[in-house]
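In the text below, chain A, chain B and the rest are named by the order of the sequence lines, each starting its count at 1. All values below were derived from every heavy atom in this structure, side-chain atoms included, with hydrogens, water molecules and symmetry-related copies excluded.
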Amino acid sequence: MAVTTITPPAPSLLERMKTPRNIGILGALAWLPLMTYVMGTGLIDESARNIILLPAIPAVAILYAIAVTSWKESWIAVLGVSLVLFWFFMAVTAPFLPLADPNAPIAPFATPFSEKKDIFFWLGTDFKGRDMLSRVIWGCQRVLVWGVTATFVAYVIGTIFGLIAGYLSGWWDEFISFFGNVLLSFPVMVLFIVILNYLGPSGFNIVIAVTFASAPAIMRIVRGLALDIKTRDYVFAAQTRGESALWIMVIELLPNVRGPIIVDACLRLGYTTVAITTLTFLGLGLQPPDADWGLMIREAAKVAMLWKFAYMLLIPALAVSSLILGFNLMADGLREMSLRD
Amino acid sequence: MESMAVADKSNGAVNGGGHTPVLECRNLCISYFTRAGEIPAVVDFNMTLMPGEAHGIVGESGCGKSTVALAIMQYLGSNGKIVDGEIFFEGRDMRTMSEEELRNLRGSQIAMVYQEPMASLNPAMRIGDQLAEVPIYHEGASPEEAMERAREIIASVRLPEPERILNSYPHQISGGQQQRVVIAMALLSNPRLLLLDEPTTALDVTVEAGIVDLINEIAAEFGTSMIYISHNLGLILETCDRMTVMYSGEAVEVGTVNDVFDAMRHPYTRGLFASIPLPSADKHTHPLVAIPGQLPLPHERPTGCYFAPRCDFFAAGICDKGLLPMRQVSGDDQHFTRCVRFDEIDWQQSLGKGISQDATPPGDVVLTVDDMTKHYEIEQSALFFGGETKTVKANEKISFQAREAETVAIVGESGCGKSTFAKVLMGLEDATSGKVLLGNLELGDLPVDKRNPETIAKLQMVFQNPFDTLNPSHSVGGQIARVIRKFGVESDDEKVEERVMELLDIVKLPRDFAKRRPRQLSGGQKQRVGIARAFAGNPAVVIADEPVSALDVSVQAAVTELLMDIQRENRTTLLFISHDLSVVRYLADRIIVMYLGQIMEQGTTDEIFAPPYHPYTEALLSAVPIADTHIKKRHIVLTGEIPSASNPPKGCPFSTRCAYMIEGTCNVAPPPVHDMSAGHQIACHLSVETLEAMEPVIQLGAAVAPEPDVETV
């Protein structure tokens with residue numbers, strides 16, 4: 001019986017973008033410029049910094065398009081990713097938007113939608129006279145970069161130790177679990193405060209603090225998964241082939257622990273954002289004068305006692321909440337999609 | 001809708017029950033509604049069940065047999081629905097019953113026994129409490145009365161020490177005992193209908209024989225009607241009066257067991273029987289014939305006969321037109337078939353036989369195991385040191401030899417030490433004492449990370465569970481290529497690629513599978529990739545640990561034949577570990593029977609299957625259900641349970657269950673090994689004369705349905 005071969009229609013541009021490799025490239029294009037921009041403050045020349053961000057803008061837009069079309073079936077996930085990528089977009093386009101200088105005092109105590117000195121303030125100004133709208137938009141850069149970096153480093157460390165503890169077991173497991181339990185027994189805020197007091201407040205030290213606080217929990221999750229997968233026949237087959245333990249952990253186990261980690265990662269980004277904002281609020285995190293939501297909340301805390309000026313507190317608070325809500329909704333949506341049959 | 005032929009209601013009951021059938025299904029159609037749309041699981045199912053009758057439903061996975069059982073219970077879950085047809089339970093239409101009435105029916109009038117006994121019992125409640133729930137809820141009995149009834153029913157399912165069982169939790173009793181408890185729970189309210197969904201698949205063969213006996217006795221004693229669902233035709237022969245064969249959601253043949261077995265009238269039934277290793281099959285002269293093609297997915301079913309794409313007798317224009325009704329075979333007792341051409345086909349014509357081969361002569365000795373012992377030390381108490389360490393004697397003095405191109409089968413039930421033995425050979429454990437020689441190389445104390453790649457390549461393994469045997473995150477080709485590179489067979493990229501393609505050809509898989517992920521393959525295809533991976537390094541010895549037990553019957557035939565072919569080509573030694581004596585009889589040259597870590601008997605296939613037998617071998621042979629009406633089997637059922645390996649009986653490990661046990665000898669001293677002939681050894685205290693005088697267990701007799709002549713041993 002002759003079989004007619006039907007050539008399928010050539011995939012659209014969007015479809016071709018959806019391969020893991022392309023998504024990886026897009027993600028790198030979107031992320032690395034922002035990271036270099038924020039971390040390179042003071043190290044790189046001012047004008048060059050803005051140009052670095054240019055490739056990130058279309059990358060974020062395309063990622064959003066991919067996410068919305070892939071996750072159509074879960075409105076929660078779409079809402080979540082909209083919130084997150086909205087702030088991301090703001091972060092990468094901030095230098096190019098027609099905004100006032102976030103650090104320049106213009107007209108103090110202007111309420112939202114009011115006009116002072118012939119300038120219309122959408123979100124008002126704070127007690128020092130700086131434009132709230134531009135501060136809110138500029139403020140998300142540092143939160144995003146340090147939050148994501150901290151979570152990522154925590155994941156790398158947690159996964160490494162989790163795989164070792166789960167696969168090699170024995171004394172490795174005893175030791176790593178013990179150490180993890182000690183860290184977990186500290187209240188998280190106490191741990192942060194102790195570490196940041198010792199190391200000094202800065203973005204990089206926040207990464208270290210978050211790693212200490214989050215890695216044990218991640219280690220536990222990965223260890224549980226590794227213990228389960230260890231008993232599967234394909235690991236057995238690798239062992240009988242004489243593969244080294246390192247090879248088995250990286251090649252056989254690691255790709256298969258991905259699933260539950262992705263959902264946990266989204267949630268943990270939310271927690272980390274809260275932690276960074278709180279630390280900045282306490283004065284232990286990112287330092288002034290650059291705009292940062294935690295700093296805005298901190299500075300507005302005293303002034304906001306008067307209801308008329310509460311907007312100075314509410315606006316950054318809402319901004320932080322929306323970002324964290326976005327992460328949580330994304331996590332929920334992803335989990336929902338993975339469970340549906 | 002065309003009206004389908006319905007079984008005549010006035011079919012006389014087996015035990016002289018009334019006229020009203022206990023259960024009647026008419027034109028039943030069941031569908032599942034998922035994200036992908038409606039999936040028609042069962043199409044046009046008809047059944048009439050009279051009081052006291054036992055009806056078997058046979059089919060492979062995906063044919064819809066469990067769906068039918070759940071539909072009868074009206075328990076299809078949130079996405080299953082009966083879309084057409086009717087079910088009448090004792091004359092009442094079940095679709096008009098309310099939830100309350102259905103709840104009252106379930107558990108009291110209709111009871112079900114599932115496959116996994118551990119999953120059917122609540123692990124947090126004592127057995128007595130769980131059993132007592134049934135009369136308390138359904139009959140409003142008082143707790144004391146309920147306990148009394150529970151005690152009685154435990155005795156009638158032949159469980160020893162009823163008080164101890166009633167006070168235990170499910171995890172404290174063995175799998176066979178759990179399943180008996182589940183059956184007891186099902187029978188407690190004296191149901192009219194008992195549904196059994198593969199109740200013995202998860203149990204050992206000797207335990208399974210006991211459960212099968214129990215079910216037969218129950219049917220006789222209580223007069224319960226039964227629907228017995230299984231994929232094992234031998235079991236259906238032993239337990240049922242009538243049977244239905246299902247394929248891809250529809251019933252293709254219905255009739256009495258004798259009619260379907262001896263006078264089958266559907267090509268699928270015939271194909272099914274040809275792919276089972278019956279005693280008449282032989283790997284050289286009468287190989288198994290697998291059914292070509294694949295089971296169609298529900299949305300890919302062809303119009304007309306669903307079996308048409310795989311059928312030898314397909315006739316265009318007849319077999320692919322419209323909905324086919326069941327046709328009655330004249331002369332037989334209520335024998336129906338869905339084959340349109342059944343009276344045109346010559347059923348005596350032999351199937352396109354598999355190509356028969358000459359027997360390959362075995363070569364030199366490749367593997368020698370000499371008194372190999374493996375003990376595990378476990379500590380008594382996990383918390384404190386200083387408790388006495390218990391020794392689990394996983395393997396005790398194993399000695400045998402395997403030659404080139406020979407298939408040696410290791411047979412035994414759970415706990416007999418076959419997996420431990422495989423692990424020692426592969427280097428994942430080291431032997432406590434004794435020698436394991438591969439050629440000249442001593443392997444017993446050489447763990448796998450100390451072996452050089454050539455040695456590792458010479459000894460490879462095919463695993464049991466096809467679903468776990470491949471890493472789900474890597475492509476199929478990539479995984480085979482890794483093996484090729486690791487063992488240094490080829491190193492050049494192109495050559496590796498070529499070799500991967502060659503291997504895929506050898507295991508009869510299309511070449512573009514190399515790019516696919518394992519989740520896109522079926523169970524049988526995954527197992528073929530597992531075989532390709534094992535043979536990628538040109539091994540001298542391949543250990544196959546139950547490679548086909550997780551597969552469907554027709555797929556088993558194909559994979560078994562594949563193993564045989566590759567072995568013949570490469571003259572590999574195959575160590576085939578299994579508990580399925582029919583498959584073993586089909587393909588093994590030599591057989592080793594193990595029990596609780598020790599070898600009870602070893603010899604060639606013919607020597608094992610004919611007397612003299614070790615008493616354990618005798619019981620094992622009697623326990624295996626054989627799907628052939630011409631075979632007469634002696635009936636031997638073992639009492640008791642397999643002892644735990646951490647607490648083995650003194651003397652002969654089989655002494656606690658052996659019918660021939662000699663008090664004072666068998667439970668004191670380990671048995672001597674008798675050499676019955678060159679290569680045939682039996683480890684038993686019985687004298688050689690007694691052993692020689694044993695009657696054969698399996699005999700070719702006249703075509704009779706086997707009567708269980710209970711020769712209580």
Exercise: identify the closest heavy-atom pair between A:G242 and B:I456: CA-CD1, 3.9 Å
Chain A contacts, top residue of B:L428, B:V483, B:N471 (heavy-atom pairs, under 4.5 Å): B:N471
Which portion of [X] sits near chain A, non-hydrogen atoms under 4.5 angstrom:
| X | value |
| --- | --- |
| B:L470 | backbone |
| B:F467 | neither |
| B:K423 | side chain |

Can you give each donor-acceptor pair under 3.5 Å made by side-chain atoms of residues 258-270 of chain A, sequence neighbours left out, with the distance rounded to 0.1 Å?
residue	atom	partner	partner atom	Å
A:R258	NE	A:P255	O	3.4
A:D264	OD2	A:Y155	OH	2.3
A:D264	OD2	A:R268	NE	3.1

Rounded to the nearest 0.5 Å, what separation is found between the [atom1] atom of [X] and the [atom2] atom of [Y]?
| X | Y | atom1 | atom2 | value |
| --- | --- | --- | --- | --- |
| B:M426 | A:T240 | CE | OG1 | 4.0 Å |
| A:E243 | B:R482 | CD | CZ | 4.0 Å |
| A:R241 | B:R533 | CZ | CZ | 6.0 Å |

Residues B:H474, A:I251; criterion side chain to side chain contact (heavy atoms under 4.5 Å, CB included); working and verdict: CA-CA 9 Å; B:H474 300 316; A:I251 309 275; 3.5 Å; yes
Give a yes or no on whether [X] atom [atom1] has more than 12 heavy-atom contacts from other residues, nucleotides or ligands under 6.0 Å away.
| X | atom1 | value |
| --- | --- | --- |
| B:F314 | CZ | yes |
| A:F186 | CZ | no |
| B:F535 | CZ | yes |
| B:K81 | NZ | no |
| B:F33 | CZ | yes |
| A:W172 | CH2 | no |

Contacting moiety of A:I229, where chain B heavy atoms sit under 4.5 Å: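 Neither part.
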Test item: side-chain donor near acceptor, B:T469 and A:D233, under 3.5 Å: no
Those residues that, when tested against A:Y234, pass ring pair (Phe, Tyr, Trp, His ring centres under 6.0 Å) (two or more places apart): none
